[in-house]
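Here's the structure we're looking at; comments come further down.
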Amino acid sequence: MIDENANPRRDSKPRLKLSKHLQQDAYCEAPAIQMMGHYTRIPDGNVQHGVTDGEREDVCSYIRYTEKVTDTQTNKVSVRVDIKDHQGFHKTILVPRAYTIGNPGRLLELLLNAGFCIFDLKLAKEFLSELYEFEPPDKNIDSVTSPGWHAIPNVSDKAFVTNYQTYTPTDTDCNIELDGAASEVCSRKGKLIEWKEHVAKPCLGNPRLILMLSASASAALLELLGHHNFGLHVFGPSRAGKTTGFVVAGSFYGDSQFRSSWNATNNALQEIAPSRNDMALFLDEISQCDAKQVSAAVYDLMNGVTKGRLNSEIKLAAGIRFRVAVISTGEDSVQEHLQQGGINVKAGQLIRLFSIPVHSKCGMFEDIHDYDSTGEFATDLLKNADAYYGTPGHAFLRRIVLNQNKLRTVLPGQVQKIEQTLLACLSTDNPTAVQRSVAKSMAVIACAGELAIRYQIFPWAKGRAIWAAKICFKAWNRYDQEAELERNPALGALKQFFHDNESSLLPLSRYVATSEFPVYTHNVDGNPAFLVSPEYFERTLCRQFGKKSGLDALKKHGLLVQNSRGGPTRQTTIPKKPELGKPGFYVIRATILASE
């Protein structure tokens with residue numbers, strides 16, 4: 001149907017009839033452009049038909065195919081079309097490649113819905129059916145549905161794509177962009193120097209603020225390191241400053257649009273996660289999400305792939321993969337929230353999303369600088385984070401893309417060194433698998449913070465990110481050890497036994513085969529340990545929860561010294577009494593008494 005409200009036809013004025021090689025951009029005042037057949041594009045962009053100047057008739061408003069767009073996930077090809085609507089404004093729409101050849105009926109429907117003007121329907125159909133062949137798009141674009149790291153065709157380096165910009169290595173021709181339907185989550189306001197002065201600088205002296213900001217940067221390094229998804233959950237009472245830390249950390253990438261909430265189902269969270277691929281996923285206030293949904297989300301988010309969905313062809317499409325670092329807050333820890341909902345807490349959930357308590361007295365703010373109160377400090381920090389944002393993420397992504405090859409080589413060693421520094425904070429030389437896993441993830445966070453310091457994005461002295469990670473790692477470990485006693489009553493009972501009886505235990509040199517209290521102290525493999533007869537361990541120490549539960553608890557925490565074949569019993573020679581042979585004991589490390 002012809003648009004009767006479209007722009008009036010142009011007066012017939014003498015125009016030059018130019019050959020195709022003199023075509024000029026329709027945005028400029030330019031001579032008429034001879035196109036295929038008797039079609040001409042006049043200076044304002046409208047298309048006319050006719051042989052001579054005085055006989056030309058308007059056909060349609062300005063239209064040009066500018067880019068061929070390939071969806072890298074489905075391999076479907078679309079064409080980006082630039083048009084001028086009935087108000088004279090330029091618009092860009094995306095149409096399937098199939099609509100640009102043959103009968104233009106489907107193409108016309110999309111164009112008219114976008115405000116495209118048609119003055120002569122018959123001529124317009126003829127013109128559009130041949131336009132692509134005559135004037136194909138001069139640029140090819142690879143469209144990706146998720147931000148983050150993406151391979152560049154025929155190049156070993158990768159590009160980092162956001163809705164705001166595609167970051168590419170120097171001198172690399174890259175035509176990758178984020179699908180226009182993807183969430184526009186990254187944004188910028190202010191200058192980097194303003195963000196550094198008013199947002200990052202006040203974080204000095206506040207380890208949890210530094211850790212959360214460093215965690216924001218760490219997500220972009222997961223691909224370079226080959227590290228799995230992880231999350232940190234900062235918890236504590238109301239008005240402790242958690243929301244301020246949440247907003248400050250989010251300002252690394254953008255404004256409130258970048259931050260999300262736990263107030264969603266697990267399926268909804270999986271829909272959000274790919275839009276934050278290779279960036280941080282911010283989830284505020286865990287209490288707003290049902291415990292069952294949180295339990296499932298912890299596994300699903302850390303596994304890094306959405307559930308398969310039926311596509312338009314009623315076939316199960318593969319899930320979308322994503323890499324994220326989750327930054328979460330709440331008044332309760334992850335364990336407490338799950339337990340309150342009647343969920344049987346698994347250790348794997350607490351490793352994937354580890355809980356860090358705020359400071360017992362100061363909350364999030366241990367140093368408020370020159371402010372009179374924490375309230376004034378938090379208010380100003382929130383105001384500044386809403387005024388300056390996005391610039392640090394932009395600067396960080398630009399630098400790591402340029403240096404990606406070097407970073408792939410040096411970062412793993414730096415993370416390993418920081419991990420050892422964190423594990424050295426423990427009172428044991430034999431850390432558990434849980435402690436090692438959390439230390440590795442926090443080392444990634446600290447490494448990202450130190451990298452941002454080196455790039456002069458974080459205005460802190462070298463080592464500040466590691467300092468913050470050490471404080472927070474020790475806070476996590478203290479809480480986790482206390483929480484473990486609730487999760488594992490067997491371990492708590494064994495700890496309590498050795499704590500109550502340590503001073504009355506005899507050295508192994510005073511061993512008596514018929515003793516009613518066969519528990520001794522002895523150095524095993526150069527380390528102090530407690531030796532307990534298997535019979536006494538089962539009959540007395542594990543009477544309430546069973547021998548298996550007791551041994552499992554000790555093994556899990558690396559407290560049981562096993563024999564060379566991996567068994568629980570060690571044959572031990574009694575000092576100065578070889579005639580007594582080598583009785584078997586359960587050898588328990590003395591670090592079971594550690595307060596953490």
Side-chain angles (χ1 to χ4, degrees), residues 347 420 422-436 439 474 476-596:
Q420 294 304 315
L422 298 179
L423 292 174
C425 298
L426 304 175
S427 60
T428 176
D429 295 328
N430 189 35
T432 66
V434 172
Q435 290 168 327
R436 289 186 180 279
K474 288 190 283 189
W476 163 80
N477 190 57
R478 282 193 297 270
Y479 169 76
D480 187 69
Q481 293 296 303
E482 294 170 359
E484 174 63 19
L485 299 182
E486 295 182 22
R487 298 193 300 269
N488 195 336
L491 180 64
L494 292 172
K495 279 193 172 189
Q496 191 64 48
F497 170 82
F498 288 108
H499 183 272
D500 293 343
N501 294 281
E502 180 189 14
S503 59
S504 61
L505 298 182
L506 300 175
L508 186 60
S509 59
R510 298 180 62 179
Y511 169 77
V512 177
T514 58
S515 172
E516 295 182 0
F517 193 65
V519 184
Y520 303 92
T521 61
H522 189 59
N523 274 3
V524 177
D525 300 333
N527 297 303
F530 301 118
L531 278 64
V532 186
S533 76
E535 294 80 9
Y536 188 78
F537 183 86
E538 180 178 4
R539 185 180 67 252
T540 304
L541 298 191
C542 301
R543 180 174 53 192
Q544 294 181 337
F545 43 81
K547 181 182 73 172
K548 185 179 184 303
S549 295
L551 290 176
D552 287 346
L554 294 172
K555 290 177 185 177
K556 177 181 177 181
H557 290 270
L559 296 172
L560 183 68
V561 181
Q562 297 171 276
N563 60 39
S564 58
R565 297 187 299 276
T569 307
R570 289 265 308 233
Q571 305 296 317
T572 307
T573 301
I574 307 301
K576 301 179 182 180
K577 297 180 181 180
E579 68 278 6
L580 296 179
K582 293 184 177 181
F585 294 96
Y586 291 147
V587 179
I588 302 171
R589 301 180 193 277
T591 51
I592 193 173
L593 294 174
S595 59
E596 354 179 294

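Small disclaimer: the values here were computed from a predicted structure and weren't measured.
Side-chain contact check for Tyr511 versus Leu531: every heavy-atom pair is 4.5 Å or farther apart. Taking 4.5 Å as the limit, every side-chain heavy atom of His557 sits out of range of all side-chain heavy atoms of Lys495. The shortest side-chain heavy-atom distance between Gln562 and Leu560 falls under the 4.5 Å cut-off. The side-chain heavy atoms of Leu559 and Phe530, taken from C-beta on, include no pair separated by under 4.5 Å. Under the 4.5 Å side-chain criterion, counting only non-hydrogen atoms from C-beta, Pro575 is in contact with Leu508. Counting heavy atoms from C-beta on, the side chains of Leu423 and Arg436 come closer than 4.5 Å. Residues Leu554 and Leu494 have side chains in contact (heavy-atom distance under 4.5 Å, counting atoms from C-beta outward).
Separation of atoms CG (Leu541) and CD1 (Ile588) is listed at 7.0 Å; rounding is to 0.5 Å. Expressed to the nearest 0.5 Å, how far OG of Ser509 lies from NE2 of His522 amounts to 9.0 Å. The CD atom of Gln435 sits 11.0 Å away from atom SG of Cys425, with the distance rounded to the nearest 0.5 Å. Atom CZ of Arg589 sits about 8.0 Å away from atom CG of Asp525, to the nearest 0.5 Å.
A distance below 6.0 Å separates the ring centres of Phe517 and Tyr536.
The minimum heavy-atom distance between Gly550 and Phe537, with the atom names listed, is C-CZ, 4.1 Å. The minimum heavy-atom distance between Ala490 and Ala553, with the atom names listed, is CB-CB, 4.4 Å. The shortest heavy-atom contact between Ala529 and Val587 is CB-CG1, 3.7 Å. Smallest separation of non-hydrogen atoms from Thr432 and Gly558: CG2-N, 4.2 Å. Nearest approach of Lys547 to Tyr586, heavy atoms of both residues: CD-OH, 3.6 Å. Of all non-hydrogen atoms in Pro578 and Lys576, the two that sit nearest each other are CD-C, 3.4 Å.
The number of heavy-atom neighbours closer than 6.0 Å to NZ of Lys582, taken from other residues, nucleotides and ligands shown, is 12 or below. Applying the 6.0 Å contact sphere to NZ of Lys548 captures no more than 12 heavy atoms from other residues, nucleotides or ligands. More than 12 heavy atoms of other shown residues, nucleotides or ligands fall within 6.0 angstrom of atom CG in Asn523.
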Validation: residues 496-505 side-chain donor-acceptor distances under 3.5 Å, sequence neighbours left out:
unit_1: Gln496; atom_1: NE2; unit_2: Asp500; atom_2: OD1; d: 2.9
unit_1: Gln496; atom_1: NE2; unit_2: Asp500; atom_2: OD2; d: 3.3
unit_1: Asn501; atom_1: ND2; unit_2: Phe497; atom_2: O; d: 2.8
unit_1: Ser504; atom_1: OG; unit_2: Asn501; atom_2: O; d: 3.0

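In this structure, a donor-acceptor pair under 3.5 Å is absent between the side chains of Gln571 and Asn563.
Arg543 meets the side-chain contact (heavy atoms from CB on, under 4.5 Å) test with no other residue; sequence neighbours excluded.
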